[in-house]
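Some notes on the structure that comes next.
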Amino acid sequence: MSDGPVLTIRNLRVVYPGDDGDFRAVRNVSFSLGRERLGIVGESGSGKSTTGRAIMGLIPYPGRVEADEMRLGETDLTRLNERGFRRLRGKRIAMVLQDPKYSLDPVMTVGKQIAETHRYHFGSSKQAARAAALEMLEAVHIRDPERVYHQYAHQVSGGMGQRIMIAMMLIAGPDILIADEPTSALDVSVQQQVLAVMDEMVKRRGMGLILISHNLHLVASFCDRVLVMYAGQIVEVCDAGRLNEARHPYTKGLLDALPELGHRRGELPQLRRDPEWLIDLPAAVGAAA
Amino acid sequence: MSATGLHMGAPTGWRGWLLDPAPASRRQARFGRWYRGWLGLYRNGLAMTGLVIVLALVLVAIFAPLFANHAAAFTQTLTDRLQPVSWAHLFGTDELGRDIYARVIFGSRITLTIVALVSVIVVPVGLAIGLPAGYFGGWIDAVLMRVTDIFLAFPRLVLALAFAAALGPGIENAVIAISLTAWPPYARLARAETLTRRNAEFIEAAELQGASHVRILFTQIMPLSLPSVIIRLTLDMAGIILTAAGLGFLGLGAQPPAPEWGAMVSSGRQYLLDQWWVATIPGMAIFIVSLGFNLLGDGLRDVSDSRAG
Amino acid sequence: MIELEGVSVTYGAGPTTVRAAREVSFRIPAGDALGLVGESGSGKSTVLRAVAGLIPHAKGSVVINGRELSNRRPRESRKIIQMVFQDPYGSLHPNQTVDQTLSAPVAIHRLGNTENRIMAALTEVGLGREHRYRYPHQLSGGQRQRVAIARALILEPKVLLLDEPTSALDVSVQAEILNLLTRLRRDHGLTMLMVSHDLAVIAHICDRIGVMHSGRLLEMTTAAALSEGRVTDPYSQQLLRANQGFDASGGIIDVAA
């Protein structure tokens with residue numbers, strides 16, 4: 001495996017044509033991802049989820065995805081059609097979504113789903129796939145993999161469901177994992193555990209991780225680097241530990257607007273949206289690897 | 001909103017008024033909503049085809065005398081019987097010398113009457129039974145659903161035969177027979193839709209404000225169930241038309257000399273090999289109208305799905 | 001203003017019995033704000049709904065403004081106590097404009113003076129004429145929640161119940177709504193009962209905080225005590241720690257089914 005960035009993106013644009021004119025969901029987004037944990041933070045409509053989906057080729061018609069460069073290792077993602085992306089998904093890029101209740105097939109046992117993923121990518125025999133699935137269940141710290149293998153999606157708790165999703169998504173050994181609000185539907189105590197599992201898997205396999213979330217503190221405490229998105233653009237890039245040194249007024253405003261447990265204020269400073277933030281920034285704000 | 005670089009090229013004029021994101025009155029809001037729904041339908045080629053066919057049926061039925069000569073549909077000219085397609089008789093003549101084109105045109109009135117009458121009966125009855133069943137649950141639900149089951153058990157044609165035997169054949173009795181067997185699925189549909197929304201937070205909010213059950217059913221739940229019921233009706237239309245045609249075929253619907261399409265197919269059967277137009281032309285009319293309703297219903301469902309999702 | 005005594009809610013029977021709330025009791029003096037915090041399944045939302053009178057089979061007594069309220073509330077009593085729900089999209093009827101949503105309660109209670117009441121309610125929550133005839137899907141999450149608050153306040157209640165009012169909102173919008181709630185509470189002297197899983201949000205609005213778990217009220221504490229970590233119950237401490245963000249030093253626990 002090379003030492004360069006795993007994923008390189010330059011000037012990514014996603015446009016949705018509509019009744020009221022074209023909607024630019026993502027504009028001039030550029031960043032690279034190494035074997036690190038990168039967080040993309042933003043509010044709804046910031047384009048963070050759209051960015052993740054664009055990387056996976058999941059933007060539905062009539063949305064259009066364009067980029068000056070979008071490379072996963074040696075593969076040029078801008079030239080891929082649906083068939084090309086299908087070969088990539090799971091095998092080289094994986095995605096974990098918010099609610100396992102909706103991502104897991106309700107009529108198949110969870111173990112079988114993981115095994116099927118293995119068979120799809122490797123063409124393995126039923127026994128080999130089953131063994132691989134059990135191994136993955138153990139790797140995500142599920143104590144009784146044999147028993148959980150035969151359970152259905154509605155029988156497992158939220159945190160367990162997410163671990164199962166992680167197992168299923170990582171079984172084919174992808175290079176990067178995109179996690180879109182993976183813990184937002186979970187209780188706070190369970191969040192910690194699921195993130196720890198993700199962290200261990202990512203570190204052990206030398207993968208890159210993109211964590212997309214609206215929770216600034218969570219991302220700052222978990223990731224190495226943070227990208228802040230607003231209205232489709234990246235407005236800030238910084239190391240996670242240095243979030244309080246953020247420069248862009250949006251990031252600072254966001255941090256100020258959060259209620260803090262130890263610091264009770266009568267009125268929370270409200271984020272004043274400066275229309276200047278909507279102007280297209282010069283490209284390559286986030287290009288530094 | 002259009003100056004930010006996010007949206008480019010917003011519409012103006014009356015389209016702009018309809019698509020205005022900040023309506024200034026109830027009327028503007030409601031029309032805007034209908035217009036957006038219409039846009040969704042307009043984009044669907046097949047749905048528009050269906051709409052055109054249905055509109056054509058309505059126009060032809062209403063303005064039938066403008067399209068064809070009423071006398072030609074009923075005057076029997078035995079010397080002219082079974083004439084093939086020609087300029088004098090666009091669709092040929094039937095076994096009694098009547099012009100088939102005129103009969104098809106005037107027959108559309110019968111088809112439209114049946115369609116309209118069945119709709120007007122089936123939708124209110126289905127809603128009246130399904131909505132309370134889903135909303136109140138318990139024994140009300142059980143009783144209403146068992147009543148529904150009883151009616152579901154009747155096969156349509158057998159019931160029509162029974163009615164014809166009891167009350168005599170005719171369009172009105174055919175309509176009643178069809179309606180009696182057609183409403184149960186609508187009750188079930190209304191009930192299913194109600195069950196889905198029953199525990200929604202806006203229903204809880206309405207309860208919390210002290211809204212009575214009747215108010216909640218009428219103002220909150222019914223508007224949400226109505227779209228699926230209407231869509232189901234358009235899709236069912238094909239079946240209803242065919243059933244009416246079937247009854248006509250058996251001699252139970254419209255009575256001669258009424259130019260009911262099904263009856264025309266029936267009487268044209270014996271001439272099928274040599275004078276194919278007598279049975280085939282009315283058959284095609286039935287086919288085209290059924291297809292039109294089907295396409296329209298599909299299109300409506302697509303629009304409704306995309307707005308709900 | 002609010003007194004709960006032994007409120008219990010049980011769903012199902014036999015092997016599928018779920019005791020959503022067990023013997024929950026507390027008092028809220030007029031004008032105060034109490035927060036219930038806990039994870040999913042803790043029973044906090046159930047208690048809230050029992051107070052709202054939305055659970056017909058709840059046991060125990062709920063006394064509001066000196067009057068004991070049974071589970072089937074008469075229409076009159078609805079004016080005193082109103083609720084703001086969690087999901088701003090789910091709590092507004094999708095086919096009704098803001099205008100219709102706000103005029104419904106006025107019509108139900110025959111209060112009259114509809115036009116003024118609606119405009120006053122909109123202004124108070126920071127919305128304008130341009131929002132009045134929009135449908136919910138044409139409003140942002142924050143705007144919808146404002147409409148929900150306006151709807152709750154248009155009947156001039158004394159008690160406001162809040163079910164995770166900002167959980168579905170963005171951070172910046174959350175700050176606006178929290179500020180709005182603080183101001184409304186001050187201006188109208190409302191008594192508030194708020195439920196949330198977010199400790200920071202609850203501590204911002206509420207003076208006293210109750211920690212719930214598995215249907216029981218474990219501990220009643222204050223925002224100040226919570227922020228200084230002075231909590232006695234071990235579960236409360238666990239909750240507090242979990243709220244601090246990701247802890248890289250924490251080990252991974254194996255989960256069993």
Side-chain angles (χ1 to χ4, degrees), chain A residues 41-46 138 140-144 147-148 151 155-160 163 183 185-197 199-200 214-223 250 253-273, chain C residues 37-42 126 140-142 166-183 186 196-207 209 222-224 226-229 235 238-257:
Chain A
V41 172
E43 301 183 297
S44 49
S46 57
E138 262 197 65
V140 295
H141 293 263
I142 289 182
R143 203 184 305 165
D144 204 346
R147 196 151 73 84
V148 175
Q151 292 200 308
Q155 293 174 303
V156 301
S157 66
M160 178 99 82
R163 293 184 194 220
T183 55
L186 304 174
D187 283 330
V188 173
S189 47
V190 181
Q191 280 182 15
Q192 162 84 15
Q193 290 295 303
V194 170
L195 286 176
V197 166
D199 188 32
E200 187 186 76
H214 63 277
N215 190 333
L216 200 50
H217 280 312
L218 187 74
V219 169
S221 58
F222 180 71
C223 298
Y250 174 68
L254 217 57
L255 286 168
D256 275 345
L258 280 170
E260 251 179 80
L261 196 49
H263 176 207
R264 194 184 192 187
R265 297 164 279 181
E267 196 173 296
L268 295 167
Q270 277 178 210
L271 184 70
R272 227 164 297 276
R273 285 164 206 278
Chain C
V37 73
E39 301 186 303
S40 49
S42 57
S140 70
T166 57
S167 304
L169 303 175
D170 286 325
V171 168
S172 56
V173 180
Q174 174 178 277
E176 292 169 17
I177 300 291
L178 289 178
N179 286 346
L180 175 65
L181 289 172
T182 315
R183 181 168 58 79
R186 198 185 53 224
S196 179
H197 65 274
D198 189 328
L199 279 177
V201 165
I202 284 240
H204 176 81
I205 296 256
C206 305
D207 317 303
I209 300 174
T222 63
L226 209 58
S227 56
E228 290 163 26
Y235 175 74
Q238 186 185 326
L239 204 60
L240 199 52
R241 248 197 321 267
N243 250 274
Q244 320 280 25
F246 181 66
D247 182 3
S249 64
I252 303 181
I253 305 174
D254 286 356
V255 277

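From a predicted model like this one, the values you see are computed outputs, not experimental measurements. Letters A, B, ... mirror the listed sequences (proteins, then strands); counts begin at 1.
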**Fill in**
Of C:S167, C:A200, C:G141, the largest count of non-hydrogen pairs under 4.5 angstrom with chain A goes to C:A200
**Engaged part of C:L240 at the chain A interface, taking heavy atoms whose separation is under 4.5 Å** = side chain
**Fill in**
Cut-off 4.5 Å, heavy atoms of chain A, and the answer for C:Q174 is side chain
**Results of side chain to side chain donor-acceptor pair (under 3.5 Å) for C:S140 - residues two or more places apart only** = C:Q143
**Message:** So for C:S172, is it side chain, backbone, both, or neither that comes closer than 4.5 Å to the heavy atoms of chain A?
**Reply:** both
**Prompt:** Can you find a heavy atom in the side chain of A:R163 that is under 4.5 Å from one in the side chain of A:Q193?
**Reply:** yes
**Complete:** The reported gap from CD in C:E176 to CD in A:Q270 (rounded to nearest 0.5 angstrom) is 4.5 Å
**Message:** I'd like to know if the side chain of A:H141 pairs up with that of A:E200 as donor and acceptor (distance under 3.5 Å, no hydrogens or angles considered).
**Reply:** yes
**A:V197 versus chain C, the contacting section by heavy-atom distance below 4.5 Å** = both
**Item:** Under 3.5 Å donor-acceptor, A:D187 side chain and C:S40 backbone
**Value:** yes
